[in-house]
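Quick note on labels: first sequence line is chain A, next is B, and so on, each numbered from 1. None of the values given here were measured: they were computed from a predicted structure.
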2 protein chains.
Amino acid sequence: MRPTVHDIAAAAGVSLATVDRVLNQRPGVRKVTREKVENAIREIGYIRDVAAANLAKGRTYSFVFILPASDNSFMHGLNDEVRAAVARSSVERTNIRTIEVPAFDPGALVQILNELGDERPSGIALVATDAPEVRDAVDRLVQDGIPVVTLVSDLTGSQRHHYAGVDNIAAGRTAARLLGRFLGGATGEIAVLAGSMLVRDHRERLEGFAAVMAAEFPSLSILPVIEGRDDPEMAHMLVADALSKKSGIIGVYSLGAGNRGLIRALKEKAVDRSLTVIAHELTTHTRAALLDGTIDAILNQDAGHEVRSAIRVLKAKADGLAVIEAQERIRLDIFLKDNLP
Amino acid sequence: MRPTVHDIAAAAGVSLATVDRVLNQRPGVRKVTREKVENAIREIGYIRDVAAANLAKGRTYSFVFILPASDNSFMHGLNDEVRAAVARSSVERTNIRTIEVPAFDPGALVQILNELGDERPSGIALVATDAPEVRDAVDRLVQDGIPVVTLVSDLTGSQRHHYAGVDNIAAGRTAARLLGRFLGGATGEIAVLAGSMLVRDHRERLEGFAAVMAAEFPSLSILPVIEGRDDPEMAHMLVADALSKKSGIIGVYSLGAGNRGLIRALKEKAVDRSLTVIAHELTTHTRAALLDGTIDAILNQDAGHEVRSAIRVLKAKADGLAVIEAQERIRLDIFLKDNLP
DNA sequence: CCAAATTTGATGTACGTAAATCAAAATTTG
DNA sequence: CAAATTTTGATTTACGTACATCAAATTTGG
């Protein structure tokens, strides 16, 4: 049988009230007594029954998700997953609120974070814009004892408790090796389409991609990065233009969102050419393109897993519990035609 | 605020005791009254507070994991993950016991399952040997109201509540496409190493592999399957033999466990040849081989995820709750050198 | 050494559900 | 219609923890 507070009291030779004072860090306990109790807790291996505790407290976790107001399939999917979590939230004693902020706007993000500092929710998850002022705002919250996790894109050098997202350097490296192997030693140029070099995840993907390309596939050369701002129209124009002008392009790596434009450009311009294409994020568009052969592989992060992981971690941190690290590692999915979910 | 049993009682105009009788399917309630209560439950959207209920019941879930006594890295890993779950079990009000059965022995499995029918644990997870008598034994347990999930390998045509494992046909297809693309249109023979064609997961992998090979890579021909019984020594001998005799082999697909022998054979026999190799299951051995270039890609199922998923599903079934399907889908991991965990 | 302040103990209520008991009411049976 | 039976209500205890109150004991300061 699992030990209870009564067992602690008996083991430490104190009353239940004193045990309670120690456990919940209430004042009015001498140092010697406190240590006696703490030793007893350790010795009998007491673990607080979180379910009973939450029942007693009538606790509901209040979590806030801060998402960028970007109009691309991935962010819509992320939003959907948060909504799905909200739908489940009553069962899980959680109260989840989402706040939309303009994308790539550190100022707006900082303002929201500061307001949340007063509100003191049980936990915060945010898609971080990687800027020093954001990092400082997050660190203030952490110092205040509010659990914070970054979602999808991390925050350089911050004290956030956890990052719920994929390793983007590894993602870029993987893309490079897949492309290199699929091209089987051919010589030519690779076009890279990104959203913006101002977000950390895109920078990291490119970094990993370029590193492996340079080291292991010297016959392939990377063209200057095309920045499509995750906008389908812009991506379409820029990619179509590049394909027209550069006849040496034999492969494409799309590391950002907004692949609709890319796919359209590929279908228009590359009917006669055989391009090998790797893209990020599984959406209706990329899925169809993978199935019809326009895209050869899709690298994906599962937004649902990221959201659920973020919630689990926030809950654990709020309760002062440990997380199962292996469970919370967000994996890079590689999809070919054959293993689509 | 979430509605409670009191709210049901008020809404239905009955007493708390009657609500309790309906909720816990105790006798002594007229049909009309039962329906009145059930309507009230539906109308006010009552959801049982599982935490409070378990507290009141003093419930601990007793789960049984039935694992084959196979001496290969994957099964050892699976065992480790179950043990890790046992270590966490006190916190989660679970009591997990593992039973080892001889591998590929339907009779032994059936006997254990029948014994468990009397013991009535809260749930059972088993690595199924795919035989009709096992299916029948499982179906009896399911009929008895005991939640059952299959782990890693499924049971054809059975009523099991859930399968916690990967789609092995998709895995085989994916292996074929990777191999085909990596070989880039070359002509030659492919050696396939399996454990045994008597287990369903291996049969399915081969099926998927052969299908895609035939349809999309006609220049590659599959040699007769080598059955290594998941035994390193045997695999070593058979693969070394094949490599010596067949000079046309340009690729290898190892779809079973026990890759140690395969790797040794590859290092001895294929120093001068360039083979493209795809193997299943990430272990210390396959990981090292991937890093040093002996293996080109590893397909993996995450044993930790499978075990945790099985537990979550068993718990949900025991409580009569819904599972989050997307969360319980076990994904096929594809590892290249660059995205190893 | 006494008064004041601090520390500790004893006790009760609450959270939402399960489970049991006994009495009261309603229904069915003969 | 009375007796037997079934159904329903009222009430209590328990699970493990949190939190509050008041009294008693101990320690500290002057």
Side-chain angles (χ1 to χ4, degrees), chain A residues 1-41 44-61 90-95 122 318-321, chain B residues 1-41 44-61 90-95 122 318-321:
Chain A
M1 277 296 280
R2 224 173 124 170
T4 73
V5 281
H6 293 86
D7 301 322
I8 305 177
V14 300
S15 77
L16 219 56
T18 302
V19 173
D20 182 68
R21 289 183 185 111
V22 173
L23 276 176
N24 297 292
Q25 305 156 84
R26 269 182 269 280
V29 186
R30 264 188 312 166
K31 206 171 176 185
V32 279
T33 320
R34 156 162 287 122
E35 278 162 4
K36 223 168 31 174
V37 174
E38 280 164 352
N39 287 335
I41 291 176
I44 67 175
Y46 169 82
I47 304 164
R48 182 195 251 106
D49 184 327
V50 185
N54 287 345
L55 178 59
K57 275 194 278 212
R59 161 171 216 168
T60 55
Y61 304 84
S90 71
V91 189
E92 293 164 359
R93 288 196 122 66
T94 28
N95 209 308
S122 320
D319 289 334
L321 294 178
Chain B
M1 277 299 278
R2 226 172 123 171
T4 74
V5 281
H6 294 86
D7 300 322
I8 306 178
V14 299
S15 78
L16 218 56
T18 301
V19 173
D20 182 68
R21 291 183 183 108
V22 173
L23 276 177
N24 296 291
Q25 302 155 81
R26 270 184 266 280
V29 185
R30 265 188 310 167
K31 205 169 176 189
V32 278
T33 320
R34 156 161 287 120
E35 277 162 5
K36 220 167 37 171
V37 174
E38 280 164 352
N39 287 335
I41 290 176
I44 68 175
Y46 168 81
I47 304 163
R48 182 195 251 106
D49 184 326
V50 185
N54 287 345
L55 177 61
K57 275 195 278 211
R59 161 170 217 168
T60 56
Y61 304 84
S90 71
V91 190
E92 293 164 0
R93 288 195 123 65
T94 7
N95 208 307
S122 322
D319 290 334
L321 295 178

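Considering only residues two or more places apart in sequence or on other chains, A:Arg59 meets the salt bridge (Lys or Arg N to Asp or Glu O under 4.0 Å) condition with A:Asp319. With sequence neighbours excluded, the residues forming a salt bridge (Lys or Arg N to Asp or Glu O under 4.0 Å) with B:Arg93 are A:Asp49, listed by chain and number. B:Asp7 meets the salt bridge (Lys or Arg N to Asp or Glu O under 4.0 Å) test with no other residue; sequence neighbours excluded.
Taking atom CZ on A:Arg21 and atom P on D:dT17, their separation rounds to 17 Å, with Å as the unit. The distance from atom CZ of B:Arg34 to atom P of C:dT27 is 17 Å, rounded to the nearest whole Å. Following rounding to the nearest Å, A:Gln25 (CD) and D:dT17 (P) show an atom-to-atom distance of 16 Å. What separates CD of B:Glu92 from C1' of D:dG16 is a distance of 18 Å, to the nearest Å. Here D:dC19 presents its C1' atom at 15 Å from CZ of A:Arg59, a figure rounded to the nearest Å.
Both distances falling under 3.5 Å, in either a Watson-Crick or a G-U wobble arrangement, place C:dG30 opposite D:dC1.
Of the candidates D:dT27, D:dT7, C:dG9, the closest approach to any side-chain atom of A:Val14 belongs to C:dG9. Among the nucleotides D:dC19, D:dG9, C:dT27, the one closest to any side-chain atom of A:Arg26 is D:dC19.
Applying the 4.0 Å criterion to OP1 and OP2 of C:dT8, one finds that A:Ser15 has every side-chain N and O outside that range.
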Output a table of nitrogen or oxygen pairs between the protein and nucleotides 14-17 of chain C separated by less than 3.5 Å.
residue, atom, partner, partner atom, Å
C:dC15, O2, A:Leu55, O, 3.4
C:dC15, O2, A:Ala56, N, 3.1
C:dG16, N2, B:Ala52, O, 3.3
C:dT17, OP1, B:Tyr46, OH, 2.7
C:dT17, OP1, B:Asp49, N, 3.4
C:dT17, OP2, B:Val5, N, 2.9

Expected rows: protein N/O vs nucleotides 28-30 of chain C N/O, under 3.5 Å:
none

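Within the 4.5 Å cutoff, no side-chain heavy atoms of B:Ile41 are placed close to those of B:Val19. Counting only heavy atoms from C-beta outward, the side chains of B:Arg48 and B:Asn24 approach each other to under 4.5 Å. Side chains of B:Val50 and B:Leu321 form a contact here, defined as non-hydrogen atoms less than 4.5 Å apart.
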Please list every donor-acceptor pair under 3.5 Å in which a side-chain atom of residues 29-36 of chain A meets a protein atom from a residue at least two apart or in another chain.
none

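Nearest heavy atom pair, residue A:Ser90 against residue B:Ile47, reads OG-CD1, 3.9 Å.
Between B:Leu16 atom CG and B:Thr4 atom OG1 the span is 8.0 Å, to the nearest 0.5 Å.
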